Novice: 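Below are the structure tokens for one structure; questions will follow.
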Amino acid sequence: MKYLYRLYQIVVAIPVLIVWTIIIALMVIIGCTFFNGKFWGYYPGKWWGKVIIRIFLIPVKVEGKGHLEKDQSYVFVANHQGAADIFLIYGFLERNIRWMMKYQIQKIPFVGRACRASHQIMIDKRGPKKIKASYDQARQVLKKGVSLMVFPEGARTFTGHMGYFTRGAFVLADELQLPVVPVTINGSFNVMPRTRDWHFLNWHPLSLTIHQPIYPVGQGPDNVAATMKDSYEAVMSSLVPEYQGYVENNDQ
């Protein structure tokens with residue numbers, strides 16, 4: 001069955017992935033340039049993620065959508081298990097989001113241009129001014145009623161376990177007095193662990209657990225610390241037993 005699935009990837013899934021990614025990227029670039037950026041900056045990405053997950057025949061389970069209010073902006077924070085996280089969240093979170101992502105993604109053909117056109121938040125850590133510019137852009141996005149998606153570990157896991165959370169997303173949520181929503185991803189590490197980038201995918205179910213929003217209690221360092229702690233514990237609580245517990249990630 002493993003080799004049949006690999007053959008399917010070569011003949012069907014990977015060609016569809018490449019062609020569909022180019023189509024969606026062009027759709028985003030054109031849509032955001034000439035039409036409604038709020039719509040074209042999100043919905044093509046949603047279609048992209050959902051189709052890619054389906055074309056690789058991976059089942060998805062989503063829990064906790066009822067915790068979210070329709071018109072509320074949120075700062076979503078999730079563990080970062082693997083490359084499939086992007087498709088899973090884009091396709092199945094069902095919220096108009098912009099991403100905080102590494103600026104190097106801009107170098108990917110088509111994808112990088114689409115990310116710039118749709119005003120994804122590129123985090124450039126090559127100096128205080130660049131970091132400040134990234135967070136200024138995030139503030140503008142959130143003020144427009146869109147939500148923000150962040151991997152506060154900043155890097156994919158090497159082991160399936162969680163590293164530590166950095167403060168950036170929580171400071172931003174505190175400043176704008178927005179609720180933080182912890183999200184737990186399971187299965188992505190099994191589909192394609194970081195140590196197997198550019199290899200065949202493994203078939204494995206994916207799950208997305210949306211936890212209760214954590215609303216700000218006050219404002220300032222105490223609120224940031226409490227929200228970060230509660231978010232970390234919430235995300236950890238829904239990880240499968242195999243990946244429970246902190247493991248240091250040297251890439252953070």
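The model shown is predicted, which means the values in this text are computed figures rather than measured ones.
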Novice: Do Phe151 and Asp85 come within less than 4.5 Å of each other through their side chains, counting heavy atoms only?
Specialist: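 SC-SC contact between Phe151 and Asp85 confirmed.
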Novice: Less than 4.5 Å apart, any side-chain heavy atom of Leu88 and any of Ile185?
Specialist: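 SC-SC contact between Leu88 and Ile185 confirmed.
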Novice: Once rounded to the nearest 0.5 Å, what's the spacing between atom OH of Tyr164 and atom CD of Gln252?
Specialist: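 Going from the OH atom of Tyr164 to the CD atom of Gln252 covers 4.5 Å.
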Novice: Which heavy atom of Val150 sits nearest a heavy atom of Met100, and at what distance?
Specialist: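 For Val150 and Met100, the tightest heavy-atom pair comes out as CG2-SD, 3.9 Å.
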Novice: Run through Phe76, Tyr43, Trp99 and flag the one making a ring pair (Phe, Tyr, Trp, His ring centres under 6.0 Å) with Tyr90.
Specialist: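 By the ring pair (Phe, Tyr, Trp, His ring centres under 6.0 Å) criterion, Tyr90 pairs with just one of Phe76, Tyr43, Trp99: Trp99.
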Novice: Look up atom CH2 in Trp203 and atom CG in Leu4, then write down how far apart they are to the nearest 0.5 Å.
Specialist: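 So the gap between those two atoms works out to 13.5 Å.
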Novice: Can Leu17 be reached from Val19 by stepping across I, L, V, M, F, W or Y side chains whose heavy atoms are under 4.5 Å apart?
Specialist: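 Same cluster: Val19 reaches Leu17 through Ile, Leu, Val, Met, Phe, Trp or Tyr contacts under 4.5 Å.
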Novice: Side chains of Val247 and Met162: closer than 4.5 Å at any heavy-atom pair?
Specialist: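 Contact flag for Val247/Met162 side chains = no.
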Novice: Roughly how far, to the nearest 0.5 Å, is CE of Met149 from CD1 of Ile86?
Specialist: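 Interatomic distance, Ile86 CD1 to Met149 CE, rounded to 0.5 Å: 8.5 Å.
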Novice: Check the pair Val146, Leu148 against side-chain contact (heavy atoms from CB on, under 4.5 Å), reporting the backbone distance first and the verdict last.
Specialist: CA-CA 7 Å; Val146 175; Leu148 191 65; over 6 Å; no
Novice: Can you list the steps and then say if His80 with Thr157 is a side chain to side chain donor-acceptor pair (under 3.5 Å)?
Specialist: CA-CA 6 Å; His80 202 0; Thr157 176; over 6 Å; no
Novice: Ile89 and Ile97: side-chain contact (heavy atoms from CB on, under 4.5 Å), yes or no, with the steps?
Specialist: CA-CA 10 Å; Ile89 290 172; Ile97 57 172; 3.9 Å; yes
Novice: Answer yes or no: is there a side-chain heavy-atom contact under 4.5 Å between Arg116 and Gln106?
Specialist: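 Yes; the side chains approach each other to less than 4.5 Å.
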Novice: Quick one: closest heavy-atom pair of Gln212 and Pro182, and the distance?
Specialist: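 Between these two residues, the closest heavy atoms are O-CD, 3.6 Å.
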Novice: Checking side-chain contact (heavy atoms from CB on, under 4.5 Å) for the pair Phe165/Val235: CA distance, chi angles, key distance, verdict?
Specialist: CA-CA 11 Å; Phe165 279 2; Val235 175; 4.3 Å; yes
Novice: Using every non-hydrogen atom in the two residues, find where Leu178 and Pro216 come nearest and quote the distance to one decimal.
Specialist: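 Looks like O-CD, 3.9 Å.
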Novice: Taking the six-membered ring of Phe92 as reference, does the NZ or CZ atom of Lys50 fall below 6.0 Å from its centre and within a 45° cone about the axis?
Specialist: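 Yes; both conditions hold, so Lys50 lies above the ring face of Phe92.
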Novice: Determine whether a donor-acceptor pair (N or O, by modelled atom type, separation under 3.5 Å) exists between the side chain of His211 and the backbone of Ala234.
Specialist: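 Indeed, once roles are kept as given, a pair shorter than 3.5 Å links the two residues.
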Novice: Just so I know, are the side chains of Lys46 and Glu94 near enough to count as touching, which here means a heavy-atom distance under 4.5 Å?
Specialist: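 SC-SC contact between Lys46 and Glu94 confirmed.
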Novice: For the atom pair CD (Gln81) and CD (Glu153), what is the distance rounded to the nearest 0.5 Å?
Specialist: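 If we round to the nearest 0.5 Å, Gln81:CD and Glu153:CD are 9.0 Å apart.
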Novice: Can you tell me how far apart OG1 (Thr209) and NZ (Lys61) are? Round to the nearest 0.5 Å.
Specialist: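 Thr209 atom OG1 to Lys61 atom NZ measures 8.0 Å (nearest 0.5 Å).
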Novice: When clusters are formed by joining ILVMFWY residues with side-chain heavy atoms under 4.5 Å apart, either directly or through shared neighbours, do Val240 and Val183 land in the same one?
Specialist: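 No, because Val240 and Val183 fall into different hydrophobic clusters, even though each may have its own neighbours under 4.5 Å.
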Novice: If I compare all heavy atoms of Ala155 with all of Lys102, which pair ends up nearest, and what's the gap?
Specialist: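 That closest heavy-atom pairing would be CB-NZ, 4.4 Å.
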Novice: Are Tyr232 and Val217 connected, step by step, through hydrophobic side chains (Ile, Leu, Val, Met, Phe, Trp, Tyr) whose heavy atoms are closer than 4.5 Å?
Specialist: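 Different hydrophobic clusters.
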Novice: Taking side chain as C-beta onward, heavy atoms only, is Asn79 less than 4.5 Å from Thr184?
Specialist: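 Asn79 vs Thr184: side chains touch.
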Novice: Distance-only, no hydrogens or angles: does the Tyr8 side chain make a donor-acceptor pair with backbone N or O of Phe56 under 3.5 Å?
Specialist: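 Such a contact is absent between Tyr8 side chain and Phe56 backbone.
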Novice: If you count heavy atoms of other groups shown closer than 6.0 angstrom to CZ of Arg167, is the number above 12?
Specialist: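 Open.
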Novice: Indicate the atoms forming the closest heavy-atom contact of Met122 with Cys115, along with that distance.
Specialist: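 That would be CE-CB, 3.2 Å.
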Novice: Counting N and O atoms only, with roles assigned by atom type, does the side chain of Gln120 sit under 3.5 Å from a partner on the main chain of Met101, one being a donor and the other an acceptor?
Specialist: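 Not a single qualifying donor-acceptor pair exists.
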Novice: Among the clusters formed by ILVMFWY side chains lying less than 4.5 Å apart, do Phe34 and Val28 turn up in the same one?
Specialist: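 Same cluster: Phe34 reaches Val28 through Ile, Leu, Val, Met, Phe, Trp or Tyr contacts under 4.5 Å.
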Novice: Just one of Val224, Leu176, Thr166 clears the side-chain contact (heavy atoms from CB on, under 4.5 Å) bar with Val171, so which one?
Specialist: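 For Val171, the side-chain contact (heavy atoms from CB on, under 4.5 Å) check succeeds only for Val224.
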Novice: Does Asn186 reach the main-chain N or O of Ser207 with its side chain, forming a donor-acceptor pair under 3.5 Å?
Specialist: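 Pair absent, no side-chain N/O of Asn186 close to backbone of Ser207.
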Novice: Side-chain heavy atoms under 4.5 angstrom apart, residues restricted to Ile, Leu, Val, Met, Phe, Trp, Tyr: same cluster for Ile29 and Ile22?
Specialist: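 Shared cluster, no.
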Novice: Does NZ in Lys229 sit with more than 12 non-hydrogen atoms of other residues, nucleotides or ligands closer than 6.0 Å?
Specialist: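 Open: at most 12 neighbouring heavy atoms sit under 6.0 Å from NZ of Lys229.
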Novice: Quick one: are the ring centres of Tyr243 and Phe189 less than 6.0 Å apart?
Specialist: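 Yes, ring centres under 6.0 Å apart.
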Novice: Nearest heavy-atom pair of Tyr246 and Glu248: which atoms, and what distance?
Specialist: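 Minimum heavy-atom contact is OH-CA, 3.5 Å.
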Novice: Please say whether more than 12 non-hydrogen atoms of neighbouring residues, nucleotides or ligands are located less than 6.0 Å from CZ in Arg6.
Specialist: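 More than 12 within 6.0 Å, yes.
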Novice: Any side-chain heavy atom of Glu63 sitting closer than 4.5 Å to one from Leu208?
Specialist: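 No, too far: nothing below the 4.5 Å cut-off.
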Novice: The test is side-chain contact (heavy atoms from CB on, under 4.5 Å); show your working for Phe200 and Ile10 and say whether it passes.
Specialist: CA-CA 9 Å; Phe200 289 105; Ile10 293 171; 3.5 Å; yes
Novice: Indicate yes or no for a side-chain donor-acceptor contact from Asp174 to the backbone of Gly220 under 3.5 Å, with no hydrogens or angles considered.
Specialist: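 Yes, Asp174 side chain to Gly220 backbone: donor-acceptor pair under 3.5 Å.
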Novice: To the closest 0.5 Å, what do you measure between NE2 (His119) and SG (Cys32)?
Specialist: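 Result: 6.5 Å between the selected atoms.
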Novice: Knowing that exactly one of Asp197, Asn249, Thr195, Asp251 qualifies, which makes a side chain to side chain donor-acceptor pair (under 3.5 Å) with Arg156?
Specialist: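 The option that passes is Asp197.
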Novice: Is the shortest heavy-atom distance from the side chain of Leu93 to the side chain of Ile210 under 4.5 Å?
Specialist: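 Yes, side chains in contact.
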Novice: Measure from the side-chain N and O atoms of Tyr42 to the backbone N and O of Arg95, and report whether any donor-acceptor pair falls under 3.5 Å.
Specialist: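 Side chain of Tyr42 to backbone of Arg95, a donor-acceptor pair under 3.5 Å: yes, one is there.
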Novice: Go through the side-chain N and O atoms of Ser118 and Trp40 and say whether any donor and acceptor fall under 3.5 Å apart.
Specialist: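 No, no side-chain donor-acceptor pair sits under 3.5 Å.
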Novice: Determine yes or no for a side-chain-to-main-chain donor-acceptor pair under 3.5 angstrom, with Asn202 supplying the side chain and Asn190 the backbone.
Specialist: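 Pair found, side chain donor or acceptor close to backbone of Asn190.
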